[in-house]
Chemist: 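Below is one structure. I have some questions about it.
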Number of protein chains: 2
Amino acid sequence: MWYYVDPHSGIPIYVQLKEQIKKAVATGLLAEGQQMPSVRELALQLTINPNTVAKVYQELEREGVLQTARGLGSFVAKRRKDFGPQQESSLDNALEKLMVEAYQLSVDADTLYARFTEKLAAWKDRLKKGAEGQ
Amino acid sequence: MWYYVDPHSGIPIYVQLKEQIKKAVATGLLAEGQQMPSVRELALQLTINPNTVAKVYQELEREGVLQTARGLGSFVAKRRKDFGPQQESSLDNALEKLMVEAYQLSVDADTLYARFTEKLAAWKDRLKKGAEGQ
DNA sequence: AAACGTGTATTAGTTATATAGTACAATATG
DNA sequence: CATATTGTACTATATAACTAATACACGTTT
């Protein structure tokens with residue numbers, strides 16, 4: 001499990017770390033209930049400030065990705081199961097964004113469809129393996 | 001054609017405007033060769049600073065979305081046609097990002113597929129109409 | 001040449017980001 | 001109860017990002 005951040009990338013450190021953790025959770029690399037390294041430990045590993053890690057954990061808790069408690073630690077939360085209008089709308093935006101980006105990359109609709117289905121298949125595999133691991 | 005920015009949204013104004021313009025170009029709402037409003041004019045309309053608009057135009061030029069010249073103005077560039085390893089990699093990242101987001105939204109693979117194909121169909125329609133318009 | 005409309009550069013002020021250091025609060029363990 | 005470990009809160013400081021105001025440079029048109 002190794003996170004990597006680059007202070008000179010232009011992207012805020014806390015954003016980089018946050019996205020990596022979200023990705024690790026989404027791919028099953030981090031299982032539900034699994035304990036995260038402590039704020040101080042992770043800060044030491046990445047040579048960044050504990051406050052920065054704390055900020056990441058706090059935001060991830062607000063987003064429902066982690067569950068955290070003083071004296072105990074931070075843990076990967078159980079995946080939310082509700083899919084309502086809020087989620088529907090967010091998904092719509094994400095898809096719209098993808099199409100815009102594909103256009104700029106001069107990807108035609110057929111190629112986009114092909115790459116998407118490939119990626120989706122790989123994704124399902126990874127999720128399946130993650131679920132079996134538990 | 002009307003852009004809208006919210007200075008209090010937490011998202012930088014120039015990012016908001018940039019994304020809206022990219023989206024307008026990608027949907028054919030802004031046609032190739034079409035002249036953009038001047039830096040000052042757009043700044044006036046949005047009640048923001050001309051420099052902010054200028055920054056957007058500059059970045060969009062670097063990305064190949066606009067073409068700009070002093071004394072003349074800014075214009076929608078012709079769409080890039082090359083799809084190389086660079087673009088392939090960017091597309092891969094974009095798809096990965098979509099999957100991660102879908103996971104957090106508790107969207108299952110089937111629903112994601114369904115919404116994607118719907119959106120792609122709508123997209124093709126818009127592109128077709130945009131091309132006919134020229 | 002003059003005037004006008006374009007994008008651009010310079011400077012300044014405000015806000016966000018990151019770090020550091022210290023202290024505090026809650027839980028587990030001896 | 002004492003101690004260690006966890007996350008949290010607070011203050012202070014430095015740097016970078018963002019926006020704004022003003023002046024400048026390029027090109028067109030009269």
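Naming: A, B, ... by sequence-line order, numbering from 1 per chain.
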Chemist: Compare side-chain N and O positions of A:Thr52 against OP1 and OP2 of C:dA18 and report whether any pair is under 4.0 Å apart.
Modeler: no
Chemist: Can you work out whether A:Gly10 or A:Glu41 has the more 5'-proximal nearest nucleotide on DNA chain D?
Modeler: A:Glu41
Chemist: Between A:Gly71 and A:Thr47, which residue's closest nucleotide on DNA chain C lies nearer the 5′ terminus?
Modeler: A:Thr47
Chemist: So which one's nearest nucleotide on DNA chain D is more toward 5', A:Val39 or B:Pro12?
Modeler: A:Val39
Chemist: Using heavy atoms to find the nearest nucleotide of DNA chain C for A:Leu72 and A:Tyr14 separately, return the residue whose nucleotide is more 5′.
Modeler: A:Tyr14
Chemist: Measuring from A:Asn49:CG to A:Arg40:CZ, what's the distance to the nearest 0.5 Å?
Modeler: 11.0 Å
Chemist: If you measure from CG on A:Leu42 to CG on A:Leu17, what distance do you get to the nearest 0.5 Å?
Modeler: 5.5 Å
Chemist: With respect to the phosphate group of D:dT6, does any side-chain polar atom (N or O) of A:Thr68 fall under 4.0 Å of OP1 or OP2?
Modeler: no
Chemist: Less than 4.0 angstrom between a side-chain N/O of B:Ser74 and OP1 or OP2 of C:dT6, yes or no?
Modeler: no
Chemist: How about A:Phe116 and B:Met99: do any of their side-chain heavy atoms sit closer than 4.5 Å?
Modeler: yes
Chemist: Atom CG of A:Leu42 to atom P of C:dA18: distance rounded to whole Å?
Modeler: 14 Å
Chemist: For A:Lys18 and C:dA18, give me the distance from atom NZ to atom C1', rounded to whole Å.
Modeler: 16 Å
Chemist: Whether the side chain of B:Asn51 and the base of C:dA9 hold a donor-acceptor pair under 3.5 Å is what I'd like checked.
Modeler: yes
Chemist: Let me know the distance between NZ of B:Lys55 and P of D:dA17, rounded to the nearest Å.
Modeler: 8 Å
Chemist: Output the rounded distance in Å from CG (B:Leu46) to C1' (D:dT19).
Modeler: 14 Å
Chemist: When you measure only distances, ignoring hydrogens and angles, does the side chain of B:Arg40 come within 3.5 Å of the base of C:dG5 through a donor and an acceptor?
Modeler: no
Chemist: Can you tell me how far P of C:dG7 sits from CD of B:Gln67, to the nearest Å?
Modeler: 14 Å
Chemist: Rounded to whole angstrom units, what separation is found between the CD atom of A:Gln58 and the C1' atom of D:dC10?
Modeler: 13 Å
Chemist: Round to a whole Å and report the spacing from CD1 of B:Ile11 to C1' of C:dT15.
Modeler: 16 Å
Chemist: Would you say the side chain of A:Leu112 lies within less than 4.5 Å of the side chain of B:Leu91, judging by non-hydrogen atoms?
Modeler: yes
Chemist: What is the separation between atom CG on B:Asn49 and atom P on C:dT8, rounded to the nearest whole Å?
Modeler: 15 Å
Chemist: Of the options D:dT8, C:dT8, D:dT19, whose atoms approach the side-chain atoms of A:Arg70 most closely?
Modeler: D:dT8
Chemist: Can you tell whether the side chains of A:Glu96 and B:Lys119 come within less than 4.0 Å, N to carboxylate O?
Modeler: yes
